[in-house]
Amino acid sequence: MIRIEEAGGVLVLTLNRPQVMNALNAPLRRALLEAITGATARVIVLTGAGRGFCAGQDLAEVDPATVDLEAVLREEYEPLIRAIAEAPMPVIAAVNGVAAGAGANLALACDVVIAAESAKFVQAFARIGLVPDAGGSWLLPRQIGMARAMGAMLFAEAVPARQAADWGMIYEAVPDADFAGHWRGRAESLARGPALALGATKRLLRGSFGRSLAEQMAAEAAAQAICGADGDFREAVAAFLDKRVPVFR
Ligand code: T3D
């Protein structure tokens, strides 16, 4: 269901059902959740095998007459999206091709989204008479504003990677020829970084939507106290003064 490779602090999880554009069935959801919650790497990358990233729910698995959609979402999708948001390390989505439905929102739940220029994001739910799920109705208006999120979700049109980057839905769109080397370089650069500070930055930003400015600054101060007492801070300052590249733990 997924290919798992780990090297140099980077855990790469490749969704591996290319014959159905890596559509999510129950075994794939379980494998992904286990791999993310069990990860000890410094960075996780999610990507897809073949020409798609993920086509969302495997529609061949669902019998609309009997499926309990609420239970599937509460018991399988929600833990997966929360596992990404709550993972102590940064999670990168390397979106190699189309990301549709819950597959789009799986990508958008990641901390950094890097897409190949030929990739596209489709909030496909309205096409099949469903509402956006897997956290998308919370994430997308925060990422691109209400007007664009509403349009993307009501019209269920594909948003090309370049436009997604221009809108702030993703971090960057990269020419296809450079894509694989580029996301790997990004992941390795985070893996060489100060893990404690990067994890704390993720938590601060993700927690910020539920806090006032005063509460957020208190959270910053508390996190800075922890990072400031850490060896990585001492090493980085010493490296700066010595005019050398810091070596983080
Ligand atoms: O059910 C619940 O528990 C609730 C949760 C719902 C969450 C959701 O994700 S709802 C949204 C589900 N996803 C979709 O509606 C997307 C359906 N797929 C598409 O619209 C298109 O396939 C794509 C835009 C993703 C890609 O189009 P294209 O033209 O590049 O490829 P294709 O030819 O349509 O697909 C290639 C193969 O993948 C094809 O199989 P075949 O004909 O070669 O044997 C196609 O049937 C299969 N495939 C694509 N998406 C899915 C899928 N098979 C099962 N489930 C899919 N979602």
Side-chain angles (χ1 to χ4, degrees), residues 1-3 13-34 36 46-85 91 93-110 113-141 143-144 148-165 167 169-170 173 176 179:
M1 291 291 143
I2 52 176
R3 281 203 315 263
L13 304 176
T14 305
L15 310 185
N16 195 23
R17 304 184 71 218
Q19 68 285 5
V20 289
M21 311 289 275
N22 303 313
L24 297 161
N25 62 5
L28 175 51
R29 289 191 290 273
R30 271 197 300 277
L32 207 45
L33 179 62
E34 266 174 37
I36 294 169
L46 299 189
T47 191
R51 67 183 180 90
F53 173 75
C54 176
Q57 169 64 39
D58 186 333
L59 296 175
E61 181 191 60
V62 172
D63 177 354
T66 56
V67 67
D68 183 346
L69 292 179
E70 184 172 0
V72 176
L73 288 171
R74 300 304 303 265
E75 291 163 20
E76 299 187 35
Y77 282 92
E78 189 179 312
L80 186 52
I81 299 302
R82 289 187 59 172
I84 292 169
V91 183
V95 181
N96 51 300
V98 66
N105 294 334
L106 178 70
L108 299 182
C110 293
V113 186
I114 301 171
E117 243 167 20
S118 62
K120 53 191 180 177
F121 297 81
V122 197
Q123 294 291 332
F125 305 91
R127 293 183 185 178
I128 56 167
L130 293 181
V131 299
D133 61 24
S137 65
W138 190 89
L139 286 164
L140 204 60
Q143 290 167 337
I144 61 176
R148 285 171 168 158
M150 193 68 89
M153 287 174 157
L154 292 180
F155 294 117
E157 285 171 340
V159 179
R162 178 65 52 201
Q163 187 176 14
W167 282 2
M169 186 191 294
I170 65 172
D176 287 15
F179 174 68

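Order of listing sets the numbers, starting from 1, for every ligand and every atom in it.
Residue contacts with ligand 1: Ile128 is included, with a non-hydrogen atom under 4.0 Å away.
At a heavy-atom distance under 4.0 Å, atoms from both the backbone and the side chain of Ala102 approach ligand 1. Residue contacts with ligand 1, taken as heavy atom pairs separated by less than 4.0 Å, involve Asp133 solely via side-chain atoms from C-beta onward.
With atom 14 (C) of ligand 1 as the reference point, the heavy atom nearest to it among Gly56, Gly50, Gly97, Ala55 is part of Ala55. Of the listed residues (Met21, Glu75, Arg51, Arg29), the one carrying the non-hydrogen atom nearest atom 33 (O) of ligand 1 is Arg51. In this comparison of Leu69, Val72, Val62, the heavy atom closest to atom 2 (C) of ligand 1 sits on Leu69. The heavy atom nearest to atom 57 (N) of ligand 1, out of those in Gln57, Gln19, Glu70, is found in Gln57.
In this structure, atom 29 (O) of ligand 1 has its sub-4.0 angstrom surroundings free of protein heavy atoms. Less than 4.0 angstrom separates atom 21 (C) of ligand 1 from none of the non-hydrogen atoms of the protein. Under the 4.0 angstrom criterion, atom 42 (O) of ligand 1 counts as lacking any protein heavy-atom contact. In this structure, atom 37 (C) of ligand 1 has a protein heavy-atom contact shorter than 4.0 Å. For atom 18 (N) of ligand 1, the nearest protein heavy atom lies 4.0 Å or farther away. For atom 50 (N) of ligand 1, the nearest protein heavy atom lies closer than 4.0 Å. Of the protein's heavy atoms, at least one falls inside 4.0 Å of atom 55 (N) of ligand 1.
Atom 24 (C) of ligand 1 has its closest protein heavy atom at Val98 CG2, 4.1 Å. Considering only non-hydrogen protein atoms, atom 52 (C) of ligand 1 sits nearest to Val20 O, 3.9 Å.
Proximity of a side-chain donor or acceptor of Arg51 to a complementary backbone N or O of Gly97 within less than 3.5 Å is not detected. In this structure, Asn96 contributes its side chain and Gly50 its backbone to a donor-acceptor pair below 3.5 Å. Proximity of a side-chain donor or acceptor of Gln123 to a complementary backbone N or O of Glu157 within less than 3.5 Å is not detected. Using modelled atom types, no side-chain atom of Asn16 and backbone atom of Arg3 make a donor-acceptor pair closer than 3.5 Å. Between the side chain of Asn22 and the backbone N or O of Gly48, no donor-acceptor pair lies under 3.5 Å. Looking at Thr47, its side chain does come within 3.5 Å of a backbone N or O of Ala94 through a donor-acceptor pair.
Expressed to the nearest 0.5 Å, how far CE of Met21 lies from CG of Asp58 amounts to 13.0 Å.
If you run side-chain contact (heavy atoms from CB on, under 4.5 Å) between Asn105 and each of Tyr77, Phe125, Phe121, only Phe125 comes through.
Proximity to Gly101 (heavy-atom distance under 4.0 Å) selects the following atoms of ligand 1: 9 (O), 11 (C).
Considering both main-chain and side-chain atoms, Phe125 never comes within under 3.5 Å of ligand 1 through any nitrogen or oxygen pair. Checking only distances, Leu59 does come within under 3.5 Å of ligand 1, N or O to N or O.
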*Any chance you could lay out the side-chain contact (heavy atoms from CB on, under 4.5 Å) test for Leu15 and Leu106, step after step, and finish with the verdict?*
CA-CA 12 Å; Leu15 310 185; Leu106 178 70; 4.2 Å; yes
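In summary, the side chains of Gln57 and Arg29 do present a donor paired with an acceptor at a separation below 3.5 Å, with no hydrogens or angles considered.
Heavy-atom neighbours of Gln19 CD from other residues, nucleotides or ligands within 6.0 Å: above the threshold of 12.
Side-chain contact between Leu80 and Leu32 is present, with heavy atoms from C-beta onward closer than 4.5 Å.
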